[in-house]
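Chain letters run A, B, ... following the sequence lines, proteins first and then strands; every chain starts at 1.
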Amino acid sequence: MGRIKPVVPQFVENQKSPMRASQFYIKTTREAPVDAETISHQYLARASFIQQIAAGIFSIMPLGQRSLEKIRKIIREEMNDAGGLEVTMPVVQPRSIWQESGRADTYIPPLAQFLDRREREMVLAPTHEETVSMMGRYGITSYRDMPLILYQIQTKFRDETRSRGGLLRVREFEMKDAYSFDVDDEGLDASYEAMAQAYHNIFSRCGLNAVMVEADSGSIGGKDSAEFVLLADSGEDTILICNSGDCEYAANLEKAEFIKNHNPSEEFDEVEKFATPGIKTIETLAEAEGVLTSKTAKAVFYTIGDKVYVVVIRGDYEVNETKVRNMMGGSEPRLSSPEEVAAAGFPAGSASAVGVPSEFVIADDSAIENVNLLAGANEDGYHLRNVNYGRDWNADHVGDIASAVEGHKCSRCTDGHLKQNRGIEVGHIFKLRNIYSDAMNVKFNDANGNLQSVLMGCYGIGTGRLLAAAVEANHDDRGMTLPRSIAPFEVVIVAVNMHNNEDVRDLAEALAEQLENAGIDTLLDDRDEAPGAKFADADLIGMPVRVVVSPRSIQNGGVEVKHRLTDPKDSTIHTADQALAVIQAALES
RNA sequence: CGGGGAGUGGCGCAGUGGAAGCGCGCCUGCUUUGGGAGCAGGAGGUCGCGGGUUCGACCCCCGCCUCCCCGACCA
C-alpha cells in the first residue's frame with residue numbers, strides 16, 4: 001500500500017506550456033456535412049471549427065474560437081488605434097426604443113420579438129443604433145465631447161428568411177460595430193476616413209484583399225456608404241469595377257452607375273397599333289419585329305406604399321429596385337400582384353405608360369431619351385410602334401433607375417467599362433448623419449450655444465463571415481491555408497511515434513516549450529495517431545508551419561520544417577539548435 | 001413567402017410490408033508508426049414527430065416539424 005502523495009501544482013513564472021493536441025478538442029472528419037456547399041463551410045466543418053445547431057445558427061468550437069479570438073484582437077487593435085472605445089450593449093432590448101427610432105415596424109427582416117414574463121415586448125437586436133444613441137445621449141452635451149467613437153464586438157440576430165453558405169450568411173452572428181459622433185460634416189468625414197483606413201488595415205492583416213466599393217446605405221438609412229468586399233465566386237454580392245487602369249470606380253449592383261448609350265436619333269413617327277398574339281416578353285417582341293431590345297420600352301408594375309406605379313425602362317436594361325426606392329423617397333418597392341394591377345385599373349399584359357396619368361409613371365431616362373420605341377398597347381395581344389415620351393406618355397418621376405451590368409460604360413472615366421464580379425461583403429461603413437440623433441434626441445450645444453444634432457456614422461464587420469471569407473480566399477485541395485495572423489496555431493509539431501521513442505518525445509517537448517516561450521502559438525501533436533493522419537489534420541486545419549520530429553528526422557540530424565503552402569515533400573532538415581530561428585523565419589515568410 | 005429535395009448510430013450512405021445494415025469514426029487487445037495502418041473482438045439507432053392502414057410499418061396513407069438548394073424578377 002503506497003502512500004498517496006499530494007500533488008502541488010508549481011507555478012513557474014514566465015514559463016508557458018504549449019498546447020498538446022491530446023488535451024485539445026480536434027475532431028476532424030474526412031467528409032463534410034452534405035449540406036455544406038461552399039468551401040469555407042466544408043473546411044470549417046471538417047476541421048471542427050464550427051458546429052451547426054439550426055438553420056443559420058452555429059456553435060464555435062475550440063479551433064474556431066482561437067481563430068476568431070485572433071480576428072477580434074486585430075479588430076480591437078485597429079479600432080483602438082483609430083480612437084475607438086470599446087463598450088458592450090445588450091442583445092435583448094425593449095421594443096420601445098425601436099419605436100422611438102421609428103424602426104420597430106419597418107426593419108427588414110422583421111425584428112425577432114418575444115414577451116418577457118411580465119409581458120413586456122422585447123426584441124433581439126439586429127444592430128445597435130438605438131442603444132448607442134442612448135449611450136451618446138447620456139453624456140454628450142457639448143461640442144467638446146466629440147469626436148467620439150464607440151465600438152463593441154457583440155452578437156446580433158437577424159431573422160433572415162434564408163441563411164446560406166455556412167458562416168457566410170447566418171441569422172445569429174457576431175459583429176464588430178462601431179459608431180462615431182461628430183459635431184459637423186468635416187468631423188464626420190474625418191471619422192469615416194479613419195474607420196475606412198482601419199478597415200483596410202484589418203482586412204489586410206487577416207489575409208484578405210478586400211476592395212472598398214460604393215454602396216447603397218440600405219435600410220439603415222444615411223448618406224455616403226461603402227462596402228468592403230472580398231471578390232469571390234461564392235459571394236452573394238454583385239460588384240461592378242471599372243476595368244480602366246487609372247480609374248478606381250467600384251460599386252455594388254444597388255449603387256453602380258453607368259453611361260447609357262443612345263440609339264441613332266430619328267424624327268418621331270406615327271404610332272401604329274399591331275397584333276402580337278402570344279408575345280409576352282421583350283425578347284420575343286424584339287425578335288418578332290426584327291429589332292434590338294434597345295428599340296423597346298418595357299413597363300413593370302411596382303407597388304410603393306399603397307399605390308401601383310408603372311415603371312418604364314428601355315427594353316435592354318433592368319430596373320434597379322434600390323434606385324427606384326431612393327428616387328421615391330425611401331419606401332421599398334415590390335412587384336405588384338396581378339390583383340393589385342387589376343384593382344388599380346391597369347390592364348394586365350402588353351402594358352405600357354401610354355394613357356397612364358403621369359403621377360403614376362416612373363421612368364428611367366433611357367426610356368425618354370430614345371425615340372420610336374416598341375411598347376405595349378395596354379391591350380392583351382397588341383403592341384404599339386413608335387411610342388415617344390412627351391407625345392404619347394409622360395412621367396412625374398424620371399431619373400436613373402437602371403441596373404449596371406458587365407460591359408456598360410464607366411461613368412467616372414472616359415474609356416473604361418464595368419466588369420462584373422461576385423463578392424463577399426465583409427465590412428460596411430455608413431454616414432448616418434442626423435437620422436438617429438434626431439429620432440433619439442442626441443443633441444449638443446455648439447460653440448455659439450446653439451443646440452444641434454450630433455452627426456453619426458456606423459461601421460460594421462462580421463467576425464464569423466470574415467473568418468469564412470478568409471477561408472474562401474485562402475485554401476487549397478488539402479484544406480485551409482489561413483495566414484499566420486488568424487490561424488488557430490502558428491506552428492504544429494508533429495511528433496512521430498513519440499510514445500515509443502524517448503528521443504522523439506524529449507526533443508518534441510523541448511522544442512515546443514522553446515517555441516511557446518518565444519511567443520509562438522504552438523500545438524504539440526502528441527496524439528497516438530498514424531503520422532499520415534496527423535499530417536492530413538495539419539494540412540486541413542492550415543497550420544502555417546509544420547515541424548516533424550521523428551526517429552527518421554533525428555537520424556537525419558534534427559527536425560523537419562515545412563511551410564503549409566509548400567509541397568509536403570519540400571521540407572528541410574535542421575538541427576535542434578537551428579530550429580527556432582528557422583521556424584521564426586518560416587513564419588515571417 | 002413560392003418551387004424543388006432530404007430526414008436511418010457521431011459523419012457519409014444503403015435498405016426491405018416479416019429479426020435494422022455498410023464505410024469512416026469510437027472502445028478493448030495485439031501488431032504497427034513518414035500522407036488518414038492491419039487483425040480480432042466490442043459499444044452505439046424511440047429509422048424526424050404524431051396519427052392511420054395492416055396480424056405486423058423504417059417501408060404504404062394523412063398531417064406536422066426540421067434541414068438544404070433555387071427563386072425572391074419585368075406582364
Classify the nucleic acid contact of A/V494 as base, sugar-phosphate or nothing, counting any heavy atom under 4.0 Å across all strands shown. nothing
For B/G50 versus B/C13, give the span between their P atoms, rounded off to a whole number of Å. 25 Å
Contact class for A/N501 vs. all strands (heavy atom < 4.0 Å): base, sugar-phosphate, or nothing? nothing
Regarding A/R546, tell me which of base, sugar-phosphate or nothing describes its non-hydrogen contacts under 4.0 Å with the strands shown. base
The residue, A/I53 or A/V34, whose nearest nucleotide of RNA chain B is more 5′ is A/V34
What is the separation between atom CD1 on A/I108 and atom P on B/A72, rounded to the nearest whole Å? 17 Å
Going by atom types alone, do A/T575 and A/D577 pair a side-chain donor with an acceptor below 3.5 Å? no
For a side chain to side chain donor-acceptor pair (under 3.5 Å) check, start with the C-alpha distance between A/T481 and A/D476, then their side-chain angles and the critical distance, and finish with the verdict. CA-CA 7 Å; A/T481 56; A/D476 60 20; 5.7 Å; no
On RNA chain B, more 5' by nearest nucleotide between A/G56 and A/N497 is A/N497
Applying side-chain contact (heavy atoms from CB on, under 4.5 Å), name anything that partners A/S59, two or more places apart in sequence or on another chain. A/Q51, A/I53
Nucleotide B/C68, atom P - distance to CZ of A/R171 in whole Å: 8 Å
Given the P atoms of B/A43 and B/C27, what is the spacing between them in whole Å? 15 Å
Whole angstrom value for the distance that separates P of B/C74 from CD1 of A/I401: 16 Å
With heavy atoms under 4.0 Å as the rule, sort A/P33 into base, sugar-phosphate or nothing. sugar-phosphate
Dot-bracket summary - RNA chain B, pairs being Watson-Crick or G-U whose distances fall under 3.5 Å, with | when paired to another strand: (((((((..((((....[..)))).((((((.....)))))).....(((((..]....))))))))))))....
For the pair made of CD in A/E31 and P in B/G10, what is the distance, rounded to whole Å? 16 Å
When you compare B/G35 with B/G71, how far apart are their P atoms, in angstrom units rounded to a whole number? 44 Å
Is any NZ, NE, NH1 or NH2 atom of the basic residue among A/R171 and A/D159 found under 4.0 Å from an Asp or Glu carboxylate oxygen of the other? yes
Can you tell me how far C1' in B/U8 sits from the matching atom in B/U66, rounded to whole Å? 15 Å
Lys/Arg N to Asp/Glu carboxylate O, A/E509 vs A/R20, below 4.0 Å: yes
A/H41 atom NE2 is separated from B/C69 atom C1', nearest whole Å, by 13 Å
Sugar-phosphate only, base, or nothing, as touched by A/V319 at under 4.0 Å among non-hydrogen atoms: base
Just to confirm, is there a sub-4.0 Å distance from OP1 or OP2 of B/C68 to any side-chain nitrogen or oxygen of A/Q52? yes
How long is the line joining CG of A/D35 and C1' of B/A6, in whole Å? 10 Å
Considering only the C1' atoms, how many Å lie between B/G42 and B/A6, rounded to the nearest integer? 32 Å
Regarding A/K260 and A/E369, does a basic nitrogen lie under 4.0 Å from an acidic carboxylate oxygen? no
Using the P atom as the reference point in each nucleotide, state the distance between B/G3 and B/G63 in Å, no decimals. 14 Å
Could you state the CZ-C1' distance from A/F301 to B/C74, rounded to the nearest angstrom? 11 Å
Between the base of B/G10 and the side chain of A/R46, is there a donor and acceptor pair under 3.5 angstrom? no
Can you tell me if A/E283 has over 12 outside heavy atoms packed within less than 6.0 Å of its CD? yes
Euclidean distance for C1', B/G41 against B/G5 (whole angstrom): 41 Å
Quick one: does any side-chain atom of A/Y389 pair with a main-chain N or O of A/A395 as donor and acceptor, under 3.5 Å? yes
Whole angstrom is fine here: how far is it from CZ in A/R527 over to P in B/U32? 23 Å
I need the A/L418 CG to A/E257 CD distance, nearest 0.5 Å. 10.5 Å
Expressed in whole Å, how much space separates the P atoms belonging to B/C11 and B/G48? 14 Å
